[in-house]
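What follows is a set of notes on a single structure, which appears directly below.
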Amino acid sequence: METNEYRDQRLASMQNLAAMGFKPYGSKFPHEDIAHARDSFVEGETRRLAGRLLMIRRMGKMNFCTMNDGTGRFQLIFKRDELPDNLFQAFKQLNLGDIIGAEGVLFTTQRGEKSLVVKDWTILAKALEQPPEKFHGLADQEERYRRRYVDLMTNDETRERFFTRSRILMETRKYLWSRGFLEVETPILQSQAGGAAAKPFHTHFNALDRDMVLRIAPELYLKRLLVGGMNKVFELGKDFRNEGIDRSHNPEFTVLEVYEAYGDRTSMEEIIEGLIPHLCDTVIGSRKIAYGESGEIIDFNTPYRRVAYKDLVRETMGEDWFDLDFAAQLEKAKAKSAATGVNLELDGVSDSLMLTREVYDKLIEKNLRQPTFVTRLPREFVPLAKACEDDPTLVDVFEFVVGGRELCPGYTEQNNPIEQRKAFEIQAGEDVEKVDEDFISALECGMPPTGGLGIGVDRLVMLLTGCDGIRDVVLFPQLKSDK
RNA sequence: GGGAGCGUAGCUCAGCUGGUAGAGCAAGUGACUCUUAAUCACUGGGUCCAGGGUUCGAAUCCCUGCGCUCCUACCA
């Protein structure tokens with residue numbers, strides 16, 4: 001890697017340019033975006049553009065280049081008649097990948113290509129490395145993730161996808177601000193991990209000589225703000241979970257958590273039904289989105305279906321499902337499994353609750369293609385939410401499911417400190433230290449009834465951009481180090 | 001964690017049952033004043049992922065390691 005023929009040639013051409021009076025790494029160059037130049041094209045007007053050379057078509061006395069500045073591509077024409085001799089000679093020293101600034105006159109070729117006839121130009125950055133092949137670009141997935149800058153400079157779809165991601169973040173903020181929510185930041189560096197059941201990353205704080213963890217969720221701090229009277233808050237930031245990496249999991253990922261005091265689960269449903277169409281309208285331009293390899297159409301027009309967990313199970317497994325004993329349910333589940341060809345994992349399943357959950361996960365959730373709120377879950381699944389008022393065996397939450405996957409949960413939050421402590425203790429088992437005493441004491445000051453919501457932003461971006469891998473929507477996904 | 005596949009020129013990829021490595025693009029030189037994946041001619045370019053083994057001989061077969069991809073399992 002230290003030396004190769006391409007690098008040597010480019011170093012030589014760099015020296016040649018220097019000898020001709022150019023600075024191979026130039027300075028500030030005021031210019032307009034290519035997208036703007038294209039939109040405001042007026043034949044014969046003088047314009048200044050800057051960007052990277054993607055293609056060079058040399059024809060001797062008239063040469064064509066394709067330049068990319070991140071907002072689009074534009075053709076530059078270097079013509080012997082139109083350039084001072086030194087600038088025409090120096091053009092021969094340019095290579096693919098070099099970044100230049102050019103001033104010239106807008107011109108449309110006979111084939112109708114909008115172009116800039118260059119009258120003056122300068123080099124702004126010499127590229128010593130060879131860019132990937134012009135037609136296929138960088139195709140190797142590993143290289144695209146490891147060297148995202150090369151992927152971005154050559155693959156327009158990649159760049160477009162991250163523009164979209166950025167717009168989704170901005171419009172999410174705008175939407176929540178417009179509804180009176182305040183954006184806040186809470187600690188990422190924590191002394192104990194809470195708000196979720198996940199293994200944290202450990203680190204060490206030298207000044208205090210204390211072990212710390214990176215947060216697995218902002219939840220417990222955001223609720224402290226509700227106690228303090230910040231009634232409508234959201235945080236958009238990173239969580240870290242020390243678990244596996246696969247197509248839908250990156251160890252650091254972006255979450256949006258939203259809390260609304262004096263609200264409940266249904267307030268959060270309203271936010272989802274407002275936010276998602278807002279993102280579709282402002283960022284994507286359509287409420288119907290092709291999803292996954294099948295390209296199935298997901299329709300984000302509201303209202304979304306709301307259905308109780310048990311009703312959903314009955315739809316698939318029969319009206320009598322919850323009246324059957326465990327043995328009879330097992331029989332029925334096996335029959336259904338055989339009939340649908342879906343394998344149920346029944347090894348550790350010892351009661352009706354677990355069996356029903358397995359049936360839901362494998363046979364039911366995957367078939368919920370259009371946006372659906374699954375509500376009223378058994379309380380055992382969600383220990384930190386509040387029970388339904390009419391049925392203490394159920395919790396007042398939803399799982400928002402799209403395309404057969406859970407996109408986000410929403411809760412009527414537990415604000416009873418006594419119940420919260422019980423739930424913590426059950427969750428923590430013997431490990432008493434895991435109970436967050438300061439959080440309990442915050443609840444003991446009184447937290448208003450509250451609705452809460454947590455969205456995996458990466459997965460939201462995947463859904464809206466039609467990607468089926470988290471690495472495609474994270475600029476620098478975690479990879480093992482190569483050598 | 002289990003299964004399958006992949007790793008060859010800067011990039012995209014061929015390379016059959018083992019016989020000393022090939023194309024296109026890119027690069028260098030030359031021709032060409034409307035090209036646009038420009039075209040034409042000539043030229044250069046390789047630790048075939050790493051290490052070991054089998055063999056007279058390995059990119060090719062076997063083993064180990066590293067990395068990636070897909071499937072599957074797990075995961076608030």
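In the text below, chain A, chain B and the rest are named by the order of the sequence lines, each starting its count at 1.
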Please work out if A:Arg471 contacts a base, only the sugar-phosphate, or nothing of the nucleic acid, heavy-atom cut-off 4.0 Å. sugar-phosphate
Separation of B:G10 C1' from A:Glu133 CD (nearest whole Å): 11 Å
The side chain of A:Tyr145 is closest to which nucleotide in this list: B:U12, B:U69, B:U33? B:U69
A:Arg111 CZ to B:U36 P, straight-line distance once rounded to whole Å: 6 Å
Would you call A:Lys199 and A:Glu243 a salt bridge, using N to O less than 4.0 angstrom? no
I need the CZ-P distance between A:Arg144 and B:U69, as an integer number of Å. 12 Å
Heavy atoms under 4.0 Å, any strand shown: does A:Leu138 hit a base, just sugar-phosphate, or nothing? sugar-phosphate
Would you mind classifying the nucleic acid contact of A:Ile216 as base, sugar-phosphate or nothing, using non-hydrogen atoms under 4.0 angstrom? nothing
For the side chain of A:Tyr411, counting heavy atoms from C-beta on, which of B:C13, B:A76, B:U69 is nearest? B:A76
Of the nucleotides B:U12, B:U33, B:A37, which one has an atom closest to the side chain of A:Arg80? B:U33
Cation-pi between A:Arg471 and A:Phe476: NZ/CZ under 6.0 Å from ring centre and within 45° of the ring axis? no
Quick one: label A:Ala198 by what it contacts on the DNA or RNA (base, sugar-phosphate, nothing), any heavy atom closer than 4.0 Å. nothing
With a non-hydrogen cut-off below 4.0 angstrom, is A:Arg58 in contact with a base, only sugar-phosphate, or nothing? base
CZ of A:Phe107 versus C1' of B:U35: gap in Å, rounded? 11 Å
Atom NZ of A:Lys480 and atom C1' of B:G7: how far apart are they, to the nearest Å? 15 Å
Among B:A76, B:C11, B:U36, the one nearest A:Pro132 by side-chain distance: B:C11
Can you tell me how far C1' of B:C13 sits from CZ of A:Phe135, to the nearest Å? 14 Å
With distance as the sole criterion, do the side chain of A:Asp140 and the base of B:C68 form a donor-acceptor contact below 3.5 Å? no
Under a 3.5 Å cut-off for both distances, is B:C25 Watson-Crick or wobble paired, and to whom? B:G10
Hey, can you tell me if A:Phe41 and A:Phe74 have their rings parallel, tilted or perpendicular (30° and 60° cut-offs)? tilted
Walking RNA chain B from its 5' end, the first of A:Lys61 and A:Ile245 to be reached, judged by nearest nucleotide, is A:Lys61
Test: A:Glu103 and A:Lys119 ion pair at under 4.0 Å: no
Test for a donor-acceptor pair under 3.5 Å between the base of B:U35 and the side chain of A:Gln75, counting only N and O atoms. yes
Report yes or no: is the cationic atom of A:Arg215 (NZ for Lys, CZ for Arg) under 6.0 Å from the centre of the six-membered ring of A:Phe240, at an angle within 45° of the ring normal? no
Establish whether the base of B:U36 is bridged to the side chain of A:Thr66 by a donor-acceptor pair shorter than 3.5 Å. no
Only pairs with both distances under 3.5 Å count, Watson-Crick or wobble alike; so what is the partner of B:C40 in this structure? B:G30
Name the closest nucleotide to the A:Glu142 side chain, picking from B:G67, B:C34, B:U33. B:G67
Under 3.5 Å donor-acceptor pair, A:His136 side-chain atoms to B:C11 base atoms: no
Counting only Watson-Crick or G-U wobble pairs whose two distances fall under 3.5 Å, which nucleotide matches B:U47? none
Rounding to an integer number of Å, can you tell me how far A:Phe398 CZ sits from B:A76 P? 18 Å
Can you tell which of B:A76, B:A38, B:C34 lies closest to the side chain of A:Lys134? B:A38
So which nucleotide from B:G10, B:C75, B:C68 ends up closest to the side chain of A:Tyr6? B:G10
Considering only side-chain heavy atoms of A:Met59, which listed nucleotide, B:A76, B:C32, B:C74, is closest? B:C32
In the structure I gave you, are the side-chain heavy atoms of A:Arg405 and A:Glu365 within less than 4.5 Å of one another anywhere? no
Quiz question: going by heavy-atom distance under 3.5 Å, is there a donor-acceptor pair between the base of B:G44 and the side chain of A:Glu5? yes
Counting the atoms with a prime plus P, OP1 and OP2 as sugar-phosphate, which does A:Phe381 contact under 4.0 Å by heavy atoms, base, sugar-phosphate, or nothing? nothing
Side chain of A:Arg247 - closest among B:A73, B:U36, B:C71: B:C71
Whole-Å gap separating P (B:G28) and CD1 (A:Ile56): 9 Å
Check this for me: does any side-chain nitrogen of one of A:Arg161 and A:Glu157 sit under 4.0 Å from a carboxylate oxygen of the other? no
Heavy atoms from C-beta onward define the side chain here; which of B:U33, B:C75, B:C68 lies closest to that of A:Lys79? B:U33
Could you check A:Gly137 against A:Arg241 and say which one's nearest nucleotide on RNA chain B is further toward the 5' end? A:Gly137
Identified pairing partner of B:C68, criterion: Watson-Crick or G-U wobble below 3.5 Å: B:G5
With salt bridge (charged side-chain N to carboxylate O under 4.0 Å, His left out) as the test, pick out the partner of A:Lys223 among A:Glu257, A:Glu413, A:Glu260, A:Glu235. A:Glu413
